[in-house]
Amino acid sequence: GSGISGIVPYQAFACSDGYLLVGGANDRLFAALCDALGHPEWAADPRFAVNASRVAHRGEVVAMLAAVFETAPRSHWQGKLDAAGVPNAPTQNLQEVFDHEQTHAVEMVRRLGDQLCLLAVPLRLDGQRPPLRSPAPALGADTATVLGEEDSP
């Protein structure tokens with residue numbers, strides 16, 4: 001469900017340890033992808049040589065690529081695709097996002113109190129990330145205010 005209708009392949013593929021987004025957005029990138037995966041013959045196949053044909057044969061293309069990607073971890077394929085100049089990126093679970101060096105380098109991890117760790121808003125205003133204001137109130141902490149009973153006896 002991650003693919004787009006007009007470009008094949010441009011979607012996430014399951015690797016042995018998670019998903020990798022791959023952008024074979026033009027015929028040159030598709031050929032580089034095929035080379036990196038060890039199947040240069042795929043790019044020469046008339047069914048796959050140009051994007052319009054790949055779109056028409058989406059099921060076949062995706063199935064062939066999926067069978068290769070699932071044989072190794074994301075990092076293996078990232079190395080090969082990076083070397084080939086094929087756009088790619090792993091999908092990450094929350095722990096991977098929190099642990100990633102870039103998340104820390106751009107100050108996306110914010111602490112709120114002693115125990116709560118959050119991801120900051122992914123934008124800057126005048127060079128600053130909007131601050132975290134306060135943690136969520138404890139259960140029932142604002143009930144009287146919400147019900148208009150804050151001044152009741």
Side-chain angles (χ1 to χ4, degrees), residues 1-139 142:
S2 64
I4 62 172
S5 62
I7 301 172
V8 175
Y10 201 94
Q11 67 182 74
F13 288 93
C15 298
S16 65
D17 65 344
Y19 286 88
L20 184 67
L21 295 163
V22 177
N26 59 43
D27 300 336
R28 182 189 59 78
L29 288 172
F30 180 70
L33 170 63
C34 293
D35 284 343
L37 298 181
H39 289 280
E41 72 279 7
W42 291 348
D45 186 316
R47 297 172 298 163
F48 315 132
V50 297
N51 185 62
S53 297
R54 290 191 299 277
V55 169
H57 295 277
R58 176 185 305 276
E60 294 168 76
V61 176
V62 170
M64 292 181 336
L65 295 172
V68 175
F69 279 114
E70 70 186 11
T71 65
R74 294 176 300 181
S75 61
H76 172 80
W77 298 120
Q78 281 183 268
K80 289 189 172 289
L81 298 182
D82 286 348
V86 177
N88 71 92
T91 59
Q92 298 177 326
N93 64 36
L94 281 177
Q95 191 61 55
E96 290 170 320
V97 172
F98 274 102
D99 292 344
H100 198 280
E101 64 186 62
Q102 185 65 16
T103 305
H104 290 277
V106 297
E107 301 173 338
M108 286 291 298
V109 176
R110 297 292 177 97
R111 288 211 167 273
L112 192 57
D114 292 337
Q115 298 179 7
L116 188 58
C117 196
L118 301 169
L119 287 176
V121 175
L123 58 91
R124 292 179 184 267
L125 304 171
D126 294 327
Q128 301 294 315
R129 291 209 187 278
L132 300 175
R133 294 185 199 157
S134 63
L139 184 62
D142 294 325

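Since the structure is predicted, the reported quantities are computational estimates derived from the model, not experimental observations.
- Put simply, the side chain of Val62 does not reach to within 4.5 Å of the side chain of Pro9, judged on heavy atoms.
- A 6.0 Å sphere centred on OH of Tyr10 holds no more than 12 heavy atoms belonging to other residues, nucleotides or ligands.
- Asp142 and Pro137 make their closest contact through OD2-CG, 3.4 Å (heavy atoms, listed as atom of the first residue, atom of the second, distance).
- Not a single donor-acceptor pair under 3.5 Å links the side chain of Ser53 to the backbone N or O of Phe48.
- Residues Cys34 and Ala43 share a closest heavy-atom pair of SG-N, 3.8 Å.
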ask   = Stepwise, does the salt bridge (Lys or Arg N to Asp or Glu O under 4.0 Å) test hold for Glu107 with Arg129?
value = CA-CA 8 Å; Glu107 301 173 338; Arg129 291 209 187 278; 5.7 Å; no
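- Under the rule for a side chain to side chain donor-acceptor pair (under 3.5 Å), Arg124 has no partner lying at least two apart in sequence or in another chain.
- Between His57 and Glu60, the shortest heavy-atom distance links the atoms ND1-OE2, 2.8 Å.
- When side chains are defined from C-beta on, Met64 does not count as touching His39, because their heavy atoms never get closer than 4.5 Å.
- Considering only heavy atoms from C-beta on, Trp77 stays 4.5 Å or farther from Leu33 through its side chain.
- Side-chain atoms of Gln95 and Asn93, non-hydrogen and from C-beta on, do get closer than 4.5 Å to each other.
- Within the 4.5 Å cutoff, no side-chain heavy atoms of Val22 are placed close to those of Leu65.
- Residue Cys117 comes nearest to Val109 through the heavy atom pair SG-CG1, 3.3 Å, listed as atom of the first residue, atom of the second, then distance.
- Using modelled atom types and a 3.5 Å distance limit, the side chains of Asn88 and Asp82 yield a donor-acceptor pair.
- Annotation for Arg58 and Val8: closest pair NH1-CG2, 3.2 Å, computed over non-hydrogen atoms.
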task = For Gln128 and Asp126, run side chain to side chain contact (heavy atoms under 4.5 Å, CB included): C-alpha distance rounded to whole Å, both residues' side-chain angles, the deciding distance at 0.1 Å, then the answer.
result = CA-CA 6 Å; Gln128 301 294 315; Asp126 294 327; 5.6 Å; no
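- The shortest side-chain heavy-atom distance between Met108 and Pro122 falls under the 4.5 Å cut-off.
- Around atom CG of Leu123, more than 12 heavy atoms belonging to other residues, nucleotides or ligands sit under 6.0 Å away.
- We find the CD1-CG distance between Ile7 and Leu29 to be 10.0 Å, quoted to the nearest 0.5 Å.
- One finds the CH2 atom of Trp42 at 13.0 Å from the CZ atom of Arg54 (value rounded to the nearest 0.5 Å).
- Side-chain contact check for Val61 versus Phe30: some heavy-atom pair is nearer than 4.5 Å.
- A distance-only check finds no donor-acceptor pair linking the side chain of Arg110 to the backbone of Leu118 [under 3.5 Å].
- Summarising the geometry of Thr103 relative to Leu119, their closest heavy-atom pair is CG2-CD2, 3.8 Å, with the distance given to 0.1 Å.
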ask   = Are Glu101 and His104 close enough, and set up right, to give a side chain to side chain donor-acceptor pair (under 3.5 Å), and what steps lead you there?
value = CA-CA 5 Å; Glu101 64 186 62; His104 290 277; over 6 Å; no
What pairs of donor and acceptor atoms, side-chain ones from residues 13-21 against any protein atom, are under 3.5 angstrom apart with sequence neighbours left out?
residue: Ser16; atom: OG; partner: Ala72; partner atom: O; Å: 3.3
residue: Asp17; atom: OD1; partner: Arg74; partner atom: N; Å: 2.8

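- No donor-acceptor pair under 3.5 Å is formed between the side chain of Asn51 and the backbone N or O of Asp27.
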